[in-house]
2 protein chains.
Amino acid sequence: MDIQRKDVHNSETPVLCRACESRHRGVCGALTPDQLLQLSRHSTRRAVESGTELVGESLKTTSYSNIISGVVKLSKMMADGRQQIVGLQFAPDFLGRPFRSENGVSAEAATEVKVCSFPKAAIERMISEMPELEHKLFEQTLAELDEARDWMLTLGRKTAGEKVASFLLLIATHAFPDNESDSVTFDLPMSRTDIADFLGLTMETVSRQLTKLRKDDVIHILNNRHVSVPDLSRLSERAGS
Amino acid sequence: MDIQRKDVHNSETPVLCRACESRHRGVCGALTPDQLLQLSRHSTRRAVESGTELVGESLKTTSYSNIISGVVKLSKMMADGRQQIVGLQFAPDFLGRPFRSENGVSAEAATEVKVCSFPKAAIERMISEMPELEHKLFEQTLAELDEARDWMLTLGRKTAGEKVASFLLLIATHAFPDNESDSVTFDLPMSRTDIADFLGLTMETVSRQLTKLRKDDVIHILNNRHVSVPDLSRLSERAGS
DNA sequence: CGTGTCCTTGATAATGCTCAAGGAGCGTGG
DNA sequence: CCACGCTCCTTGAGCATTATCAAGGACACG
């Protein structure tokens, strides 16, 4: 074994973490290689298929995760079965409600999802020891709150057409956060029913509004899931600014 | 001057802070008397009347505040004037978006409001020096996120009747957080128009639903603003659990 | 080739919105 | 003290948007 590597203060970044986005844009960016190594000893990486429940609405959570790839939907359900998706999470978001075992939302993989999971206790210990880590989580939570409030405007005040356009815009920008051009092509990470549950509409209304956008040449649809937007600014107009 | 007081390590709690709820349930609970004293030197306390704008939607903020009493509404507006209230804040909530000068919501006093304001720089310095303070703010932000997501379910999936009942329940529980009995009486902190903007409805629909609840004897209304709920569980049923 | 899932489209119904009129409370000024 | 003007709220009638119910199309998989 390479002695030099072992001896330097900044020990080597764990292999698993090297190509991980969480180390750059996510919460692990707050950790030194030493700490990363310590945490990685307790972490398990796994891929789950679309539809898997990652966190139950009233289940006690025993672990937290970083999303490595894929899309996770957070949802709430009423006693009679009505459902509302209250947020989408993308890599490299941190998944889980800190400081509380029960969080009132369920998390389900919307696409195939790769996660890196840690035991609750390990994370909580590191949070209490490292203000930098807590700060990162705080920043993410503030961003989620901003997004939740944006979406409240969409849910409460936009028309069906504006809602669907807003959703497409949301996916387009999150799928390609640093897209500079005015056109994008992407796969929708969710079914019509899921989109409806996110927008507070029915599946039929979502379908009709997508058809309308297609007929007005704002979007092109191939194979139900595959969408291309030739001019983002035209879509943006439809979203009601 | 009393020398003993001056010399003890834990100096005296500032007069202004003594009866303040923020010191117990709010963010100031994270501060020692020494730190409180330091902060209180920069703080200004003032009362503003209902309707005053405390934070502009795209204005750069120069100060943060603790709400001492009253209700603050956070809202977003679309270019064409459609408005959505995205949150209500009560004493002893902290008002302001940390780490960003522009926060995308405007804050307006819904009732007469008393606030204790601090310069942005002073708070940010204390946050960076005191993990405990940041932790308190983080906890409040998480609670706000939970509430925002609860409200998303209300906005997206509940009927007009359920929305109005949910609103009354929200006010009843926040006005008297430790009420044990099954009946409550309170004043609504906002107009019908504001309630409509919070629920994603029109003023007329809110009015009709209130009338319906009154005719069904779920609530009693005196003088438009004054409401009494004889049986909270019956109201809760109307809110769709 | 059948069966299943997901999506689209159509016809009809219902919920909530728009427009309109009028009532209640309140401060102001005659 | 009362009339007025004002704001806020209620109520009604008709309408628009979206939901519901139903049928059928596209595609995948056995």
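Chain identifiers are assigned alphabetically (A, B, ...) following the order of the sequence lines, protein sequences preceding nucleic acid strands; residue numbering begins at 1 within each chain.
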Quick one, which residues of residues 204-221 of chain A touch DNA chain C with a heavy atom under 4.0 Å?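 Within this stretch, A/Glu204, A/Ser207, A/Arg208, A/Thr211, A/Arg214 sit under 4.0 Å of the strand.
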
Starting from [atom2] on [N], measure out to [atom1] on [X] and report it in whole angstrom.
X: B/His226; N: C/dG25; atom1: NE2; atom2: P; result: 15 Å
X: B/Met203; N: C/dG16; atom1: CE; atom2: P; result: 16 Å
X: B/Leu222; N: C/dG25; atom1: CG; atom2: C1'; result: 14 Å
X: B/Asn224; N: C/dA24; atom1: CG; atom2: P; result: 11 Å

Please list, chain by chain and in numerical order, all residues satisfying salt bridge (charged side-chain N to carboxylate O under 4.0 Å, His left out) with A/Glu162, sequence neighbours excluded.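 Expected list: B/Arg82.
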
Whether A/Ser43 side chain and A/Ser40 backbone form a donor-acceptor pair below 3.5 Å: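 Present.
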
Pick the nucleotide of DNA chain D nearest each of A/Asn223 and B/Thr193; which residue has the one closer to the 5' end?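 Mapping each residue to its closest nucleotide by heavy atoms, the 5'-most match is B/Thr193.
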
Ion pair present between A/Arg157 and B/Asp197, side-chain N to carboxylate O less than 4.0 angstrom? yes

Determine the minimum heavy-atom distance between B/Phe186 and B/Ala172, stating which atoms define it. CE2-CB, 3.7 Å

Nearest atoms (heavy-atom pairs only) where B/Ser65 meets B/Val115: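 B/Ser65 and B/Val115 have their closest heavy atoms at CB-CB, 4.1 Å.
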
Mind checking if A/Gly161 touches a base, just sugar-phosphate, or nothing, with heavy atoms under 4.0 Å? nothing

Could you check whether atom CG of B/Asp80 has more than 12 heavy atoms from other residues, nucleotides or ligands sitting under 6.0 Å from it?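 Correct, the count exceeds 12.
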
Can you give me the first and the last nucleotide of DNA chain D (5' to 3') that has an atom within less than 4.0 angstrom of a non-hydrogen atom in chain B?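 Reading along DNA chain D, I get D/dC9 to D/dA13.
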
CZ-OG1 distance between B/Phe90 and B/Thr173, expressed to the nearest 0.5 angstrom: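 Here the interatomic distance stands at 7.5 Å.
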
Indicate yes or no: at least one non-hydrogen side-chain atom of B/Leu169 is less than 4.5 angstrom from one of B/Val229. no

